[in-house]
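These values consider heavy atoms only, across backbone and side chains, with no hydrogens, waters or symmetry-generated copies. Throughout, protein chains are lettered first and strands after them, A, B, ... in sequence-line order, and every chain is numbered starting at 1.
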Amino acid sequence: MLLTTILLSLREIRRHMMRSFLTVLGVVIGVSAVVTMVTLGHATTRSVQSQISGLGSNLLTILPGQGMGRGGGAQAAQPFKIDDVDAIRGQIGGVTSVAPQVQAQATAIRNAANWTVTVNGTTGEYLIGQQWALASGRVFSAAEEQAGKSVCIIGDTVKTNLYADDETIGTTLRVGRVSCEVIGLLAKRGQSGIGGDQDNTVIMPFRTVQRRFTGNRNVQFVSIAVDPRYDNAPIRDSISALLRERRNITGGKADDFTILDTKQISDALGNATAQLTAVVTAVAAISLLVGGIGIMNIMLVSVTERTREIGIRLAIGATADEVLMQFLVEAVVLSSLGGLVGLALAFVACLGLSIPLKMPFVWEPQINLIAFAISAVIGVIFGYFPARRAAALDPIEALRHE
Amino acid sequence: MTPDVTPDPLNQPLIALRGVTKRYGVGAAAFQALKGIDLEVAAGDFLAVMGPSGSGKSTCMNILGCLDVPTTGAFLFKGVNVEGLDRVQRSLLRRRYLGFVFQGFNLLARTTALENVELPLVYRGEPRKRRHDLAMAALDKVGLADWRDHTPAELSGGQLQRVAIARAIVTHPDVLLADEPTGNLDSERSIEIMQLLTDLNRASGITVLMVTHEAEMAAFANTIVHFKDGRVGGVETLRRPGADGA
């Protein structure tokens with residue numbers, strides 16, 4: 001009997017395409033809005049997180065001074081020395097690499113072309129910690145690091161702008177006032193979420209940059225890679241304790257250095273996008289509710305419009321329950337169909353939007369299933385009231401209705 | 001589910017109204033539509049109800065059709081007191097024993113003749129194949145088998161009423177209630193419909209109860225009951241049920 005009722009309601013829906021379409025329009029829009037928002041929201045979260053993990057997984061960066069960036073308090077704070085780096089390497093467990101860094105801006109010149117690059121003075125450990133592979137060539141030897149030789153490893157952007165398709169390894173590149181031999185070419189890394197083009201870099205031994213570019217013995221920041229088997233937080237705490245001791249910060253005094261944790265940043269940004277997704281989804285859910293009310297309104301009008309039909313059905317022997325069932329099933333079938341159309345629309349919308357938004361498209365069965373279930377439930381809830389009204393009609397009155 | 005209405009062994013009349021009254025509304029606005037109707041209809045009869053408007057004939061038909069219940073008095077269908085049945089039981093009674101034909105045809109719009117005729121069978125829970133066969137047989141009986149795929153908008157008035165009659169008889173009801181079945185038809189079509197009803201009454205033994213205000217149509221019946229001011233004003237017997245002639 002239920003199957004027959006469903007078939008009959010499908011027949012009714014087909015016979016009144018326009019009415020059916022208008023009835024479910026709200027649900028179609030609501031479902032597609034919710035699914036599109038959730039899918040795109042998740043895609044955003046994922047893409048933010050993958051961009052941050054592109055900076056390197058489980059990386060800690062220690063800067064002098066408080067607050068993000070190199071400005072502000074960094075000036076006043078005492079810079080790090082190479083001893084601090086050695087102390088961290090020697091006393092902190094659970095880290096895979098500890099690398100000092102000094103940076104400078106310089107113009108790289110080759111033949112007639114010149115190009116502004118970031119000169120990065122560090123050690124071979126830096127590339128290990130960053131999990132940054134070489135496309136060709138080699139990293140610095142210990143001897144080169146110690147002696148502060150003029151050797152360099154160049155990033156992909158530098159190669160593109162100064163070498164085009166030429167061979168890089170073994171050539172001499174002038175960076176600022178320094179002529180250095182190119183010994184390695186870094187693999188392409190792309191844009192990072194923060195900090196722009198990572199590939200526009202020339203990496204030189206730490207001492208070389210100190211001596212030839214910055215002219216002092218300061219370490220601007222320390223890059224630490226945490227062993228993935230360990231949690232970042234306790235390591236952060238022990239580094240903090242060690243540095244406070246070395247910098248004579250006692251009692252309640254604030255740190256004069258900052259430890260940036262990529263995992264922390266990634267989590268925070270992930271949470272922020274998740275919250276944003278939730279808010280947008282809630283707004284979309286309201287449109288789904290409005291869609292449900294739309295179904296109820298049109299079903300109520302439809303009951304009035306179909307009074308005579310109800311009268312006929314009652315006269316030829318339909319019970320009130322059967323009429324109620326008919327209208328309820330019609331509402332549920334309608335809103336479920338609307339839900340399916342909404343899912344299809346959302347699929348198309350997500351697919352279409354993922355291209356301009358430069359986000360990967362991932363079809364998520366879970367939200368699709370939930371949205372479909374909600375559309376069916378909306379049919380039951382908002383179909384019940386009109387259905388009850390239809391079932392309560394007096395057959396004599398209903399037959400007389402014009 | 002069907003109320004226990006078994007054919008009566010004591011040869012009671014199929015339908016009996018005993019002192020039936022019907023009042024609408026309460027207080028000063030109350031309207032006494034029926035003021036005490038006593039009427040018996042034997043199985044196989046063809047009864048025409050006549051009377052001016054407001055005489056209570058439609059109210060009486062609604063009660064006979066189990067769409068309404070008397071205020072006082074008894075309505076016995078096959079010996080069962082219908083006034084004591086609830087809404088669902090009366091629905092089931094209509095489904096099982098009654099067929100309706102209306103002045104305005106009352107077919108479902110945008111629905112083919114065949115589907116319209118199948119409708120009562122759907123509520124009886126007949127399987128698809130049997131629904132189709134029975135509906136085709138009924139359409140064949142009213143001479144519209146070839147029109148099965150036409151919707152009401154594509155049929156003439158006479159054809160619409162034939163489809164409605166097919167819908168009413170598809171369940172092989174005991175009683176066919178026709179409320180001014182020729183009211184919307186020209187005289188030629190009216191006579192065709194009346195002949196169809198007479199045939200069904202004679203050949204299939206269906207008891208026909210018909211309301212009409214046209215004496216020409218009432219003349220097809222065996223018995224004419226005249227209503228006047230909420231009472232039975234007179235009963236004319238034209239011929240005995242099952243008798244030949246006319």
Side-chain angles (χ1 to χ4, degrees), chain A residues 1-23 301-330 333 387-402, chain B residues 1-2 22 24 33 58-59 61-63 65-69 86-112 115-128 131 151-153 164 167-171 173 176-177 179:
Chain A
M1 188 63 202
L2 184 65
L3 189 71
T4 315
T5 315
I6 290 173
L7 286 177
L8 283 179
S9 68
L10 279 173
R11 211 187 263 176
E12 275 302 307
I13 290 164
R14 205 186 54 222
R15 269 184 208 127
H16 303 95
M17 281 307 275
M18 191 64 187
R19 184 178 76 195
S20 307
F21 173 72
L22 290 174
T23 309
V301 171
S302 161
V303 167
T304 313
E305 197 182 68
R306 294 164 73 184
T307 301
R308 218 187 206 328
E309 176 201 326
I310 295 161
I312 297 167
R313 289 178 188 273
L314 288 170
I316 63 171
T319 62
D321 281 350
E322 282 163 345
V323 170
L324 182 124
M325 203 60 189
Q326 185 201 333
F327 273 77
L328 201 55
V329 166
E330 245 183 79
V333 168
R388 214 188 50 186
R389 177 177 272 201
L393 285 176
D394 173 33
I396 301 166
E397 292 293 322
L399 281 171
R400 217 176 276 154
H401 185 90
E402 285 302 325
Chain B
M1 280 292 274
T2 309
K22 182 72 192 180
Y24 292 110
S58 288
T59 305
M61 278 301 265
N62 287 338
I63 289 172
C66 304
L67 293 167
D68 209 345
V69 285
D86 65 19
R87 218 182 144 188
V88 173
Q89 287 173 312
R90 278 186 280 125
S91 283
L92 297 173
L93 199 104
R94 287 199 293 275
R95 179 187 298 187
R96 174 69 187 84
Y97 295 106
L98 307 181
F100 286 88
V101 176
F102 306 93
Q103 178 177 3
F105 319 129
N106 278 340
L107 298 172
L108 296 187
R110 305 191 203 191
T111 306
T112 65
E115 286 168 340
N116 262 298
V117 176
E118 279 186 354
L119 197 60
L121 301 170
V122 171
Y123 289 113
R124 292 182 116 190
E126 300 286 1
R128 192 191 182 91
R131 270 201 324 254
T151 61
R167 182 181 65 189
I169 61 167
V170 73
T171 56
L176 184 68
L177 294 113
D179 190 357

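Interface remark: A:Arg306 contributes no atoms to any contact with chain B (heavy atom separation under 4.5 Å). Using a 4.5 Å cut-off between heavy atoms, B:Leu177 does not touch chain A at all. For a residue to count as touching a neighbouring chain, one of its non-hydrogen atoms must lie under 4.5 Å from one of that chain's; by this rule B:Leu67 touches chain A with backbone and side chain alike. Both the backbone and the side chain of B:Thr111 come within contact range of chain A, with heavy atoms under 4.5 Å apart.
With salt bridges taken as basic N to acidic carboxylate O contacts below 4.0 Å, one links A:Glu322 and B:Arg95.
Distance CD/A:Glu397 to CG/B:Asp68: 9.5 Å, rounded to 0.5 Å.
Residues A:Arg313 and B:Leu108 are in side-chain contact: their nearest non-hydrogen atoms beyond the backbone lie under 4.5 Å apart. Considering only heavy atoms from C-beta on, B:Arg167 comes within 4.5 Å of A:Ile312 through its side chain.
For the side-chain contact (heavy atoms from CB on, under 4.5 Å) test with B:Arg110, the passing option among A:Arg14, A:Glu12, A:His16 is A:His16; the others fail.
The minimum heavy-atom distance between A:Ala315 and B:Phe102, with the atom names listed, is CB-CZ, 4.0 Å. Across all their heavy atoms, B:Ser91 and A:Ala318 have their closest contact at OG-O, 3.3 Å. Of all the heavy atoms in B:Arg87 and A:Pro395, the pair that sits closest is NH2-CD, 4.2 Å.
Each of B:Leu98, B:Leu107, B:Leu119 has some count of heavy-atom pairs under 4.5 Å with chain A, and the biggest count is that of B:Leu119.
At least one donor-acceptor pair closer than 3.5 Å links the side chain of B:Arg94 to the backbone N or O of A:Leu314.
The number of heavy atoms from other shown groups lying within 6.0 Å of CZ (A:Arg308) is above 12.
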